[in-house]
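Report on one structure; see the data block that follows.
So you know, we letter chains A, B, ... as the sequences are listed, proteins then strands, and number each from 1.
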Amino acid sequence: MNDNENKAYYTRELTAWYQRGNRDLPWRRSRNPYHIWVSEIMLQQTRVETVIPYFNRFMEKFPTIDALADAPEEDVLKAWEGLGYYSRARNLQAAAQEVKESYEGKVPDTPEAISSLKGVGPYTAGAILSIAYNKPEPAVDGNVMRVLSRFFLLEDDIAKPSTRGKIEKLARALIPAGSAGDFNQALMELGATVCTPRSPHCLVCPVMERCGARLEGRTDELPVKTKAKPPRPESRAAAFITDAAGRLLVRQRPQDGLLARLWELPHVPLSEGGREEASREADKRALRERLAAEDGLRVVPGEWLTDAEHTFSHLRWDMRVYRGRLAHEPGEPEALPPAYRWMGRDEMGSYAFPNLFLRIIQGEAEAAAGREARA
DNA sequence: AAGACGGGGAT
DNA sequence: ATCCCAGTCTT
């Protein structure tokens, strides 16, 4: 029951377990701080298996900090397409430019400097310092909070920001001299592969003998975490408009906020709450009126095409998609409002779209191909 | 302290 | 349907 003894045991057994074998991941093949940095940004709220192909492509396209700093932002967003949390990509590039200008192109190795970079919070700072430079800094993520909460029987709500600090202090005390990087990775590896959120694999756990949660049969109760609020539903209508050349009318999203600077189909919010009854006609009227009022785009909505639903962390879009055409005076070439443009199928490979719209566009392309084949 | 910010895989 | 992921930034 000795606390210090438990800590020493934990550090010893976990480190030995990790050194006996761990996953072969692309960013573990070197100690290149740039590789570690990019991987840690991508891994924020994102699974290892999801990140691997993105990481490999990213390193091919942007092999060095300089290459990333000098690339067009559009290319960086495209490389991030589908990964989500797009501010990570914009912050990463801004930070690469900062590293190039202020740190001679080398990822800094002090807590102050590394933490000052955009997109680098307490977890990522600790991860880079420990993994790339073997500095004895804690790297506390969701895995670490779960794993330590269980072993040390911590009842604190891990959804509360204050809990992080407490667990960080514990994690710092556990770091073995000279092996900070391996130990921190071991902690996360255990959480990802053994001490999983549900149905943990206690029988193969290297620290099961002294795990508080297992000994008390409380692995299902720990860690304590308050539930998140469900996403708020939002109905929207989108316009699928093509020109004679088959190009699609798209617009770029604003500089900030949700899906910033990505491309999308023109669409408008519909009345929320669902008090008035939804109808095709109401959708089309909203599409026509709101695109005209907000963007100065005059469209004539047509037949219903498809529905698409997409859930974000905090909201859910129920998108209804209508074919449409531009309303313009006969013989007068319409001028598109700012942020709008026609985009050919071949060009879409160069611009980043949120998955929701990729699915809609892809689905329509397949439907068109089907019509073509039958005709 | 709470909300914004993507998308997908596991149960 | 629910959880939650190698979190950070803004308010």
_Given C/dC9, B/dC5, C/dC4, identify the nucleotide with an atom nearest to the side chain of A/Arg47._
C/dC4
*Which residue, A/Glu74, A/Arg341, A/Glu81, forms the side chain to side chain donor-acceptor pair (under 3.5 Å) with A/Tyr351?*
A/Arg341
*Looking at A/Arg280, A/His267, A/Lys284, which one forms a side chain to side chain donor-acceptor pair (under 3.5 Å) with A/Tyr322?*
A/Arg280
_Interatomic distance, A/Met145 CE vs C/dG7 C1' [rounded to whole Å]_ = 9 Å
*At under 4.0 Å between heavy atoms, what does A/Thr50 touch on the DNA or RNA strands: base, sugar-phosphate, or nothing?*
nothing
*asked:* Output the rounded distance in Å from NZ (A/Lys78) to P (B/dG6).
replied: 16 Å
*asked:* Quick check: on DNA chain B, is the nucleotide nearest A/Lys229 upstream (toward 5') of the one nearest A/Leu258, or the reverse? Name the residue that is more 5'.
replied: A/Lys229
_Taking the six-membered ring for Trp, are A/His310 and A/Phe357 closer than 6.0 Å centroid to centroid?_
no
*Let me know the distance between CG of A/Leu117 and P of C/dC9, rounded to the nearest Å.*
10 Å
*Out of C/dC3, C/dA6, B/dG8, which has the shortest distance to the side chain of A/Arg23?*
C/dA6
*Please state whether the rings of A/Phe152 and A/Tyr10 are parallel, tilted or perpendicular, taking 30° and 60° as the class boundaries.*
tilted
*When the distance from CD of A/Glu49 to C1' of C/dC4 is rounded to whole Å, what number comes out?*
13 Å
_Mind checking if A/Pro354 touches a base, just sugar-phosphate, or nothing, with heavy atoms under 4.0 Å?_
sugar-phosphate
*asked:* What's the closest nucleotide to the side chain of A/Ser162 if the choices are C/dC5, B/dA1, C/dA6?
replied: B/dA1
*OP1 or OP2 of C/dT8 sitting under 4.0 Å from any side-chain N/O of A/Thr124?*
yes
*Could you tell me the separation between the CD atom of A/Glu81 and the C1' atom of B/dG6, rounded to a whole number of Å?*
13 Å
*How is A/Gly191 classified with respect to the nucleic acid when contacts are heavy atoms under 4.0 Å: base, sugar-phosphate, or nothing?*
nothing
*asked:* Students often get this wrong, so: under 4.0 angstrom with heavy atoms, is A/Arg261 touching a base, only sugar-phosphate, or nothing?
replied: nothing
*Between A/Tyr54 and A/Phe58, does the ring centre distance come in under 6.0 Å?*
no
_Taking the six-membered ring for Trp, are A/Phe312 and A/Trp317 closer than 6.0 Å centroid to centroid?_
yes
*How far does the P atom of B/dG8 sit from the matching atom of C/dT8, given to the nearest Å?*
22 Å
*Describe the nucleic acid contact of A/Ser87 in one word from base, sugar-phosphate, nothing, applying a heavy-atom distance below 4.0 Å.*
nothing
*Hey, is A/Lys100 close enough to A/Asp70 for a salt bridge, meaning N to O under 4.0 Å?*
yes
*Across the strands shown, which category fits A/Val51 at heavy-atom distances under 4.0 angstrom: base, sugar-phosphate, nothing?*
nothing
*Give a yes/no on whether any side-chain N or O of A/Asn355 is located under 4.0 angstrom from OP1 or OP2 of B/dG8.*
yes
*Which value, in whole Å, describes the distance between the C1' atoms of nucleotides B/dG6 and C/dC4?*
13 Å
*Please give, in whole Å, the distance from C/dT8 P to A/Arg90 CZ?*
16 Å
*Determine: side-chain N/O of A/Lys160 to OP1/OP2 of B/dA1, distance under 4.0 Å, yes or no.*
no
*asked:* Does C/dC5 have OP1 or OP2 under 4.0 Å away from a side-chain N or O of A/Arg146?
replied: yes
_Pair of N/O donor and acceptor under 3.5 Å linking B/dG6 base with A/Thr46 side chain_ = yes
*asked:* When the P atoms of C/dA6 and B/dA4 are compared, how many Å lie between them, rounded to an integer?
replied: 24 Å
*Under-3.5 Å donor-acceptor pair between A/Tyr123 side chain and C/dG7 base*: no
*Name the nucleic acid region contacted by A/Leu25, choosing base, sugar-phosphate or nothing; use a 4.0 angstrom heavy-atom cut-off, strictly under.*
base
*Decide, yes or no, whether a salt bridge links A/Glu189 with A/Arg28 under the criterion of side-chain N to carboxylate O below 4.0 Å.*
yes
_On DNA chain C, compare the nucleotides closest to A/Lys118 and A/Arg28; which residue's is nearer the 5' end?_
A/Arg28
_Below 4.0 Å: OP1/OP2 of B/dC5 and any side-chain N or O of A/His314_ = yes
*In whole angstrom, give the distance that lies between atom CD of A/Glu40 and atom C1' of C/dT8.*
14 Å
*Mind checking A/Leu259 for me? I need base, sugar-phosphate or nothing, with any heavy atom below 4.0 Å counting as a touch.*
sugar-phosphate
_Separation of C/dA6 C1' from A/His35 NE2 (nearest whole Å)_ = 18 Å
_Below the 4.0 Å mark, does C/dC5 have OP1 or OP2 next to a side-chain nitrogen or oxygen of A/Gln45?_
no
*Any side-chain N or O of A/His310 less than 4.0 Å from the OP1 or OP2 oxygen of B/dG6?*
no
*Report yes if a side-chain nitrogen or oxygen of A/Tyr86 is closer than 4.0 Å to either non-bridging phosphate oxygen (OP1 or OP2) of B/dG7; otherwise report no.*
yes
